[in-house]
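Beneath this line is the structure, given in structure tokens, with notes to follow.
Below, chain A is the first sequence line, B the second, and so on; all start at residue 1. Computation of the quantities below employed the complete heavy-atom set of this structure, encompassing side-chain atoms and omitting hydrogens, waters and symmetry-equivalent molecules.
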There are 2 protein chains.
Amino acid sequence: MKLLVVEDDETTGTYIARGLREEGHTVDLVTNGRDALIQATSVGYDVLIVDRMVPQIDGMTLVKTLRGAGNRTPVLFLTSLGSVEDRIEGLTAGGDDYLVKPFAFGELSARVAALARRAPTVAQETTLHAGDLTMDLLSRRVIRAGREISLLPREFAILEHLLRRKGRVQTRTMLLEAIWDISFDPMTNVVETHISRLRAKVDRPFDTDLIQTVRGAGYRIDA
Amino acid sequence: MKLLVVEDDETTGTYIARGLREEGHTVDLVTNGRDALIQATSVGYDVLIVDRMVPQIDGMTLVKTLRGAGNRTPVLFLTSLGSVEDRIEGLTAGGDDYLVKPFAFGELSARVAALARRAPTVAQETTLHAGDLTMDLLSRRVIRAGREISLLPREFAILEHLLRRKGRVQTRTMLLEAIWDISFDPMTNVVETHISRLRAKVDRPFDTDLIQTVRGAGYRIDA
DNA sequence: CTTCGACCACCAGCAGTTTCATGGACAGAT
DNA sequence: ATCTGTCCATGAAACTGCTGGTGGTCGAAG
């Protein structure tokens, strides 16, 4: 099982990591929130073990950020704070379990195993690609050929939708339902307009066109 | 097996219902979307057979509504013409299969049986093959001998129709009804013209011909 | 067995229609 | 006031159906 431990206290961190490794798991250890975010988004973990109090990005914010980006990896919070409020906050932020220090290693191990069993994880994508274009869902950034492209929210949503369904034609109706959440024909060319604006930013300044029109059907980004 | 047929055309509806009853199934028949919704939610069916175009609530919306309510009954769509857009939606909106009218009853029967078994192969039937040619319905792409062929909507529809009925001769009349949705002779040679254009793209650049003329009858793609 | 005529199929080009792209105007939200 | 989302009008491009000429096929008659 692949685990990430986020703990700034060196002693505690290595102690946990060694214990889990002895149980046969692969363990990465980072000591601050930013590294944790990078690791968690670039590597697929089965469970994250996160100290509430770590430098740069605190554990709570870290998890909220991951959840916001669609990452559903189960999280076990470690904390020396044990107030009821803290627990509630931890659980509602998307953290799946909570362990108050000091704890017996056996309990940690058992909870990690339980979390992993409860939510068999598939590594979550946080970046989407097509050709020389990269979309980072966490930072909400789009880069093409080294240049950053700034997109409006709606444009971002459309591009994300197309990228997630790379190679498949998306009809106007599908887009209307997915992006605008309406299931009827608005009798206008909203979709065309937004596609046009998106193209102006994403395709026009570059040589090759990513967004393709499929006449009589819809739009598509090539695989 | 308990089945619900949603079809507003009386002739077709009773035809389907009788055929299925003769196979030993219990069949309910309704002629509009609202009755269908009521029936489907109050009675447990094994498969729904739904015409795309029915009064009050159209087939598409009906199924979406059911899915939204957590109903996972497999659905077989019946669609007469079917614009390209309609077809793509049918494949991805939660309907498990679709059948283009006119169809052989045997085919309907087989598909219903497959759906009831929840055979995953049916739902994934989004690519059609013949020789070295592959048609991907989702991406709306046709590849032959590694090369991509770009087809116009009508050409695409014809090729799809022929591929779905591989080995069987399709008469001009059948094509007119299936692709153009007209049941009279237009007194022109539309079909020939489009077949010709299709051949120019699909057959001429290659060694062997897929589309064969059956003199005095129609066209066929060999199995 | 060949020839002829009738029929059928093929195909290139044209023109009408439909569909799509785009720039600009406008209204609502922040 | 600025930014965002929507609507509208226009022009361009794509698509479709038709026409008419050409070539091929079949059967019957010579």
Side-chain angles (χ1 to χ4, degrees), chain A residues 140 142 149-162 169-182 184-206 209-221, chain B residues 81-86 88 140 142 149-162 169-206 209-221:
Chain A
R140 285 187 79 76
V142 179
I149 299 171
S150 98
L151 295 182
L152 303 178
R154 194 120 296 184
E155 293 161 358
F156 192 93
I158 295 171
L159 184 59
E160 180 185 349
H161 184 85
L162 290 175
V169 172
Q170 292 303 107
T171 66
R172 256 159 277 277
T173 313
M174 288 161 122
L175 289 170
L176 281 171
E177 201 166 319
I179 312 290
W180 282 266
D181 199 27
I182 57 179
F184 52 89
D185 187 344
M187 309 298 286
T188 69
N189 62 353
V190 236
V191 178
E192 285 90 336
T193 301
H194 280 270
I195 288 282
S196 169
R197 289 182 181 167
L198 185 55
R199 276 176 166 156
K201 295 182 180 178
V202 166
D203 276 341
R204 206 143 54 209
F206 302 90
D209 286 352
L210 290 174
I211 303 169
Q212 306 187 345
T213 302
V214 181
R215 264 201 167 236
Y219 300 92
R220 179 186 57 199
I221 286 183
Chain B
L81 158 63
S83 69
V84 177
E85 187 161 337
D86 284 344
I88 295 168
R140 230 186 113 68
V142 179
I149 300 172
S150 105
L151 295 182
L152 303 179
R154 193 119 298 181
E155 293 161 0
F156 193 92
I158 295 171
L159 184 58
E160 180 188 349
H161 184 86
L162 290 176
V169 173
Q170 292 303 107
T171 65
R172 258 159 280 274
T173 312
M174 289 161 103
L175 289 169
L176 281 171
E177 201 166 320
I179 312 290
W180 281 264
D181 200 24
I182 57 178
S183 47
F184 52 89
D185 188 342
M187 307 299 286
T188 67
N189 62 354
V190 236
V191 178
E192 284 89 336
T193 301
H194 281 272
I195 289 283
S196 165
R197 287 178 184 158
L198 186 55
R199 276 176 166 154
K201 294 182 180 176
V202 166
D203 276 341
R204 204 140 59 204
F206 302 89
D209 287 353
L210 290 174
I211 303 170
Q212 306 189 347
T213 303
V214 182
R215 237 166 194 268
Y219 301 93
R220 180 187 56 200
I221 286 183

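- The phosphate of dT19(C) has neither OP1 nor OP2 within less than 4.0 Å of any side-chain N or O from Y219(A).
- The CG atom of L175(B) lies 6.5 Å from the CH2 atom of W180(B); values are rounded to the nearest 0.5 Å.
- Spacing between atom CG of L176(B) and atom P of dT16(D) amounts to 15 Å, rounded to whole angstrom units.
- When every heavy atom of P205(A) is checked against every heavy atom of A200(A), the shortest pair comes out as CD-O, 3.4 Å.
- Here the CG-CG distance, from L159(A) to L152(A), works out to 12.0 Å after rounding to the nearest 0.5 Å.
- Under 3.5 Å, the side chain of R215(A) and the base of dT19(C) form at least one donor-acceptor pair of N or O atoms.
- To the nearest angstrom, C1' of dT16(D) lies 12 Å from NZ of K201(B).
- Atom CD1 of I182(B) and atom C1' of dG17(D) are 11 Å apart (whole Å).
- For the pair Q212(A) CD and dA21(C) P, the interatomic distance rounds to 12 Å; values are reported in whole Å.
- Between L198(B) atom CG and dC11(C) atom P the separation is 11 Å, expressed in whole Å.
- Between W180(B) and the phosphate of dG17(D), there is a side-chain N or O to OP1/OP2 separation shorter than 4.0 Å.
- With sequence neighbours excluded, the residues satisfying side-chain contact (heavy atoms from CB on, under 4.5 Å) with N189(B) are E192(B), T193(B).
- The interatomic distance linking L152(B) (CG) with dA13(D) (C1') rounds to 13 Å, in whole Å.
- Residue P153(B) places its side chain closer to dC15(D) than to any other of dC15(D), dA9(C), dC7(D).
- Not one side-chain nitrogen or oxygen of T188(B) sits closer than 4.0 Å to the OP1 or OP2 atom of dG17(D).
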Assign a letter to each nucleotide of nucleotides 22-30 of chain C from its 5' end: B, base within under 4.0 Å of a protein heavy atom; S, sugar-phosphate only; -, no contact.
BSBB-----
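- Using modelled atom types, one side-chain atom of D185(B) and one backbone atom of M187(B) make a donor-acceptor pair closer than 3.5 Å.
- Remark: P of dA14(D) and CD of E155(B) are 14 Å apart, rounded to the nearest angstrom.
- The line from CZ of R220(A) to CD of Q212(A) is 5.0 Å long, rounded to the nearest 0.5 Å.
- Residue L198(A) holds its CG atom at 4.0 Å from CD1 of I211(A), rounded to the nearest 0.5 Å.
- Rounding to whole angstrom units, CG of residue L175(B) and C1' of dA9(C) are separated by 15 Å.
- In this structure, R172(B) reaches the dA9(C) phosphate: one of its side-chain N or O atoms is under 4.0 Å from OP1 or OP2.
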